[in-house]
Each structure stands twice: as structure tokens, then as C-alpha cells.
S.K.: 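The structure follows.
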Number of protein chains: 2
Amino acid sequence: MANAVQSYHHGDLRSALIEAATARLSEHGVDSLSLRKLAEDAGVSRTAPYHHFKDKSALLSAIAAKGFSDWHTAAKRIFEQEDKTPQVRFREFVHEYIGYAADNPEMYELMFGRTIWQNQAATNDLKNVAFPCFQFQVTMTRYWQEKGLLPNNQDALRLAQVTWGTLHGIARLLIDGIYADSSHIKEMCDCAADLFMQKQA
Amino acid sequence: MANAVQSYHHGDLRSALIEAATARLSEHGVDSLSLRKLAEDAGVSRTAPYHHFKDKSALLSAIAAKGFSDWHTAAKRIFEQEDKTPQVRFREFVHEYIGYAADNPEMYELMFGRTIWQNQAATNDLKNVAFPCFQFQVTMTRYWQEKGLLPNNQDALRLAQVTWGTLHGIARLLIDGIYADSSHIKEMCDCAADLFMQKQA
DNA sequence: GTTTTATCTTGACAGTGTCAACATAGCCTT
DNA sequence: AAGGCTATGTTGACACTGTCAAGATAAAAC
């Protein structure tokens, strides 16, 4: 920092790139995110990033990994509120999931988009953060099944895939602009929650 | 065709471009689809396509429109099988929806991806084909509600959004490579169908 | 037959990711 | 302290991309 002028090296380019990328991501979207611009943001030449990331996809994976770890802790916080009933927590989880996606559309797009997942492009670092996040969905589902909230005659993994799929699908319809009308998000969340918990209704 | 050598004009470049694009789409994916390659496929210069499409997005929209109209007729065919019970047809619809996505991943990605929908980029031609397709989902939902298949205490539009969201979400998880394991597609479809129809279970 | 319009052409520009070859800064060993 | 190794930075180059501008020709309209 202090020796920025003197020192040939940047100091912590890797962090600087991720930081710049995160800023650009939420502002201009994942599509208009170029390595060259990020390098310029960090005050460094075009190819410098390649000494810290194998390629563009690796950089994106690193950002997505941060997103997954953030969401994982958020999900745990919601799930572990012992002062609330499972029903309330479930409904809250649904709202928070869609809310997270709606509030951070570009980050969500990056985390769950094909850019970093397709063609086995996903980094091991990314998988190590994302898979526990997916697994947590199964854990929660099993818990809600035990509490009689979700149907007990279904395999937990299968049911987790479907419930997660529902949230994911609604989130994507909103984010991708297919449903431009985002004024009824809350109603949609409640409808989904009601549908899953209809045995209690 | 016959006068291809003599004639300065291509003849039906618009159709040729769409055809070439559709072929390339299913083979190499939407991401590696460039106007220049398509022009080359059609035996024409790089900028010729601009006399038939405003820009790349307009070409993609035209292809997607074809996909929507194809799917719409497929959906109607499934829905209108009068010799089968509503239950059977509903389950079949779920399987066919995911099946269509799994069999034509790149087309599905194009149809429901942000590429053509974001930033109000969608052509009017596209909207005119896609919106009736969405609307049909609501029509079917209302019918299944009347038949007692789906919960009747929910708004049809809202419920259609959620059921469609579920199918869409599962389809995307599969297509985007987040669930590489596609060997349990059928089980997931059955689980989703069971979940929606659980009142009858 | 002349004019207008649709269609296609080449040239150019500003981008992009990424590789190769080279330079230096900082640490590690002797 | 000297030399060498490695991490980190540099410029140059290549092959792409979408898209605009300006010019040419074919086809249709008058």
C-alpha cells in the first residue's frame, strides 16, 4: 500500500481483482465483466491477472465461491432460529432465498449460471464451498420432514431437489427478466410455501 | 437455389441463417454462436445478416420464437389427450417438460435464458409467441384446479407461476450442469408431480 | 428506361481472452 | 554478501467478436 509507488509488485493483486470484480458485477452485470477492465481497475497490465487465476472462469469461480459461503451462513442463521416455529422458519427461508436472488441478481446469476458450471469448468475451490451449500438444503429438508412440515413419504434428497428447484426456478424467472413484474414476489413465495406445506393447511 | 451462381442475391438468406443457426445451436451451444460463422455457413459476407436482423439478439429471438411455437403445440397435444385421466396427463406433462429441456438443452437455454429477455431486448415477434405459451400454463393450471388435482384455494396465476417455476428450476439445474447426475430425472419428475398432487395421495 | 429500394460487399473500429517472450522484485540458499 | 530461483509483473501479438459506414449491384417500381 504505502510502497505502491516504489514497489514493482502490486502487493495483493488477487484480492484487488476479486474486489474490483465484485463491485463491477453488481453494477454492470456479469456479461460486461472483462479481465482487461478489472486489470485496469487494479492499475495493472492486461495479462497480470493470469498469474493469479488460470483463466477468466477461475476468477469468476472465486467470486461465486464467496457468494456461496455468504449464502450458506445466511441460510444457517435462518434455519437455526430456535425461538421460532419450524413453519415460520420455513416460510422465512423461502422469502429469504428469493429475496437474496432479487437483491443480488448478478451474483445469483454468476453462482447458479452455466458460465462457471458447464463443461466441468467448476474449480475444486468452488465445489468445496458450493456442495456443502447444496447438502445443507438436504439437511433442512430432512428436518422439515421429521417435523411433519413436508411430506414424509418422499426421499429427502429427491424432495430437496424439487423444493430447491422451485426456489431456483422462481428466482431465475425473475432475474432473467421473463417475469418483469416483480411486484408480486411475496405472494409467489407464500404460494410456494403453502403448496409445500399443504398437508398442514 | 438454382440461380445461386448467377444471382447476386442469396434468395432466402433469412431462412438460411435461421436454419444454420439452429443446426449450430444444438451442436455447439448458444455461447459459441457467432454471426460471422453463420454468414459463412450461408456463403455470404459478415455484414449481410444485418439486412435481415437488427442485431444478433434479433436473430436469436427469431430462433427462440420457433422453439416456443414448437413447445406450445407439444404442450397442447399432451394436455388435450381426452382418452387419459387428468392425473396421467399432468404427470406426463411434467415428464415431457423436463424431457424437452433435457433433449434440447441449448434451445431451452436460448428460450429461457437472459440473453434475449434481459434489458427489454425481446422482440415483439418473440413476445407474441412466448406470452401465449406462458398463458397456456395458466389455462392448464386452472383446469387442474377445477379437476381437484391442484389445490383450489390458490390463485391460478400464482399457482401457475410456482408450478412452472418448479419445472423451470429443475430443468435449469440439469441443463446448467449443476446437477451433472441426470440419471434420476424420472424420479425427480415423479417427486414433483406427487408433491403438487399430494391432496389426492 | 430511369429511379428507387433491397440486398450484399469491403473496410474499419473497438472490443475480447489468451499465449509467448521478456523483465524485474523479492526471497532462499550457499 | 553473491548468485540463482521463483513469483509477479510487462509489452507484443493473434484470432476472434459485434457492428457501423460507405460503396456496389441486383431487382423491382415507375
Side-chain angles (χ1 to χ4, degrees), chain A residues 1-21 24-25 28-64 110 113-116 118-119 121-123, chain B residues 1-21 24-25 28-64 110 113-116 118-119 121-123:
Chain A
M1 286 289 195
N3 59 348
V5 183
Q6 299 235 355
S7 175
Y8 178 79
H9 286 177
H10 177 281
D12 194 1
L13 182 54
R14 191 189 152 92
S15 301
L17 285 171
I18 292 185
E19 196 172 337
R24 267 193 192 273
L25 177 66
H28 300 94
V30 62
D31 290 330
S32 68
L33 211 153
S34 89
L35 282 183
R36 292 168 108 106
K37 283 181 195 158
L38 294 179
E40 197 175 9
D41 283 358
V44 102
S45 80
R46 305 141 254 158
T47 57
Y50 284 91
H51 291 271
H52 299 272
F53 300 97
K54 179 180 153 284
D55 54 15
K56 187 183 183 182
S57 181
L59 203 176
L60 296 179
S61 290
I63 304 166
L110 177 58
R114 54 166 34 192
T115 317
I116 54 175
Q118 222 183 21
N119 306 333
T123 316
Chain B
M1 285 288 198
N3 60 346
V5 183
Q6 298 235 356
S7 175
Y8 179 79
H9 285 178
H10 177 281
D12 194 1
L13 183 55
R14 192 189 151 92
S15 302
L17 285 171
I18 292 184
E19 197 173 337
R24 266 193 193 275
L25 177 66
H28 301 94
V30 61
D31 291 330
S32 69
L33 211 153
S34 90
L35 282 183
R36 292 167 108 105
K37 283 180 195 161
L38 294 179
E40 198 176 9
D41 283 359
V44 102
S45 81
R46 304 139 258 158
T47 58
Y50 284 90
H51 291 269
H52 299 271
F53 300 97
K54 182 179 151 283
D55 54 15
K56 186 182 183 182
S57 181
L59 204 176
L60 295 180
S61 290
I63 303 167
L110 177 58
R114 53 168 34 193
T115 317
I116 53 176
Q118 222 183 22
N119 306 335
T123 316

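Proteins come first, then strands; the chains are lettered A, B, ... in the order of their sequence lines, and each starts at number 1.
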S.K.: Whether T47(B) contacts dT19(D) is assessed here as follows: a side-chain N or O lying under 4.0 Å from the phosphate OP1 or OP2. Is that the case?
M.R.: no

S.K.: Rounding to an integer number of Å, can you tell me how far L35(A) CG sits from dT18(C) C1'?
M.R.: 9 Å

S.K.: Taking the side chain as every heavy atom from C-beta outward, state whether L38(B) and L59(B) have any atom pair closer than 4.5 Å.
M.R.: yes

S.K.: Rounded to the nearest Å, what distance is computed from the NE2 atom of residue H10(A) to the C1' atom of nucleotide dT24(C)?
M.R.: 17 Å

S.K.: Do R36(A) side-chain and dG17(C) base share a donor-acceptor contact under 3.5 Å?
M.R.: yes

S.K.: Let me know the distance between CG of D55(B) and C1' of dC20(D), rounded to the nearest Å.
M.R.: 13 Å

S.K.: Is any side-chain heavy atom of L35(B) less than 4.5 Å from a side-chain heavy atom of F53(B)?
M.R.: no

S.K.: Would you mind telling me which of dG17(C), dG9(D), dT11(D) lies closest to the side-chain atoms of H51(A)?
M.R.: dG9(D)

S.K.: Considering every strand and a 4.0 Å limit on heavy-atom distances, what is the contact class for L59(A): base, sugar-phosphate, or nothing?
M.R.: nothing

S.K.: Quick check on dT17(D): is either OP1 or OP2 less than 4.0 Å from any side-chain nitrogen or oxygen of K37(B)?
M.R.: yes

S.K.: Grab the two heavy atoms, one from R114(A) and one from V30(B), that are nearest each other, plus how far apart they are.
M.R.: NH1-CG1, 4.0 Å

S.K.: Expressed as a whole number of angstroms, how long is the span from D31(B):CG to dC16(D):C1'?
M.R.: 15 Å

S.K.: How close do L13(A) and A42(A) get, heavy atom to heavy atom, and via which atoms?
M.R.: CD1-CB, 3.8 Å

S.K.: Counting distance alone, no hydrogens or angles: does the base of dG9(D) have a donor or acceptor under 3.5 Å from a partner atom on the side chain of R46(A)?
M.R.: no

S.K.: Send over the distance from K54(B) NZ to dG18(D) P, rounded to a whole Å.
M.R.: 14 Å

S.K.: Can you tell me how far P of dC14(D) sits from OH of Y50(A), to the nearest Å?
M.R.: 17 Å

S.K.: Does dA7(D) have OP1 or OP2 sitting under 4.0 Å from an N or O in the side chain of H52(A)?
M.R.: no

S.K.: So which nucleotide from dC8(C), dT18(C), dG9(D) ends up closest to the side chain of K56(A)?
M.R.: dT18(C)

S.K.: Could you check how far CD of E40(A) sits from C1' of dA14(C), rounded to whole Å?
M.R.: 14 Å

S.K.: Calculate the interatomic distance between L13(A) atom CG and dA25(C) atom P; express it in whole Å.
M.R.: 17 Å

S.K.: May I ask you to say what S45(A) touches in the nucleic acid, namely base, sugar-phosphate or nothing, with a heavy-atom cut-off under 4.0 Å?
M.R.: base

S.K.: What pair of heavy atoms forms the shortest contact from A16(A) to H10(A), and how long is it?
M.R.: CB-CE1, 3.6 Å

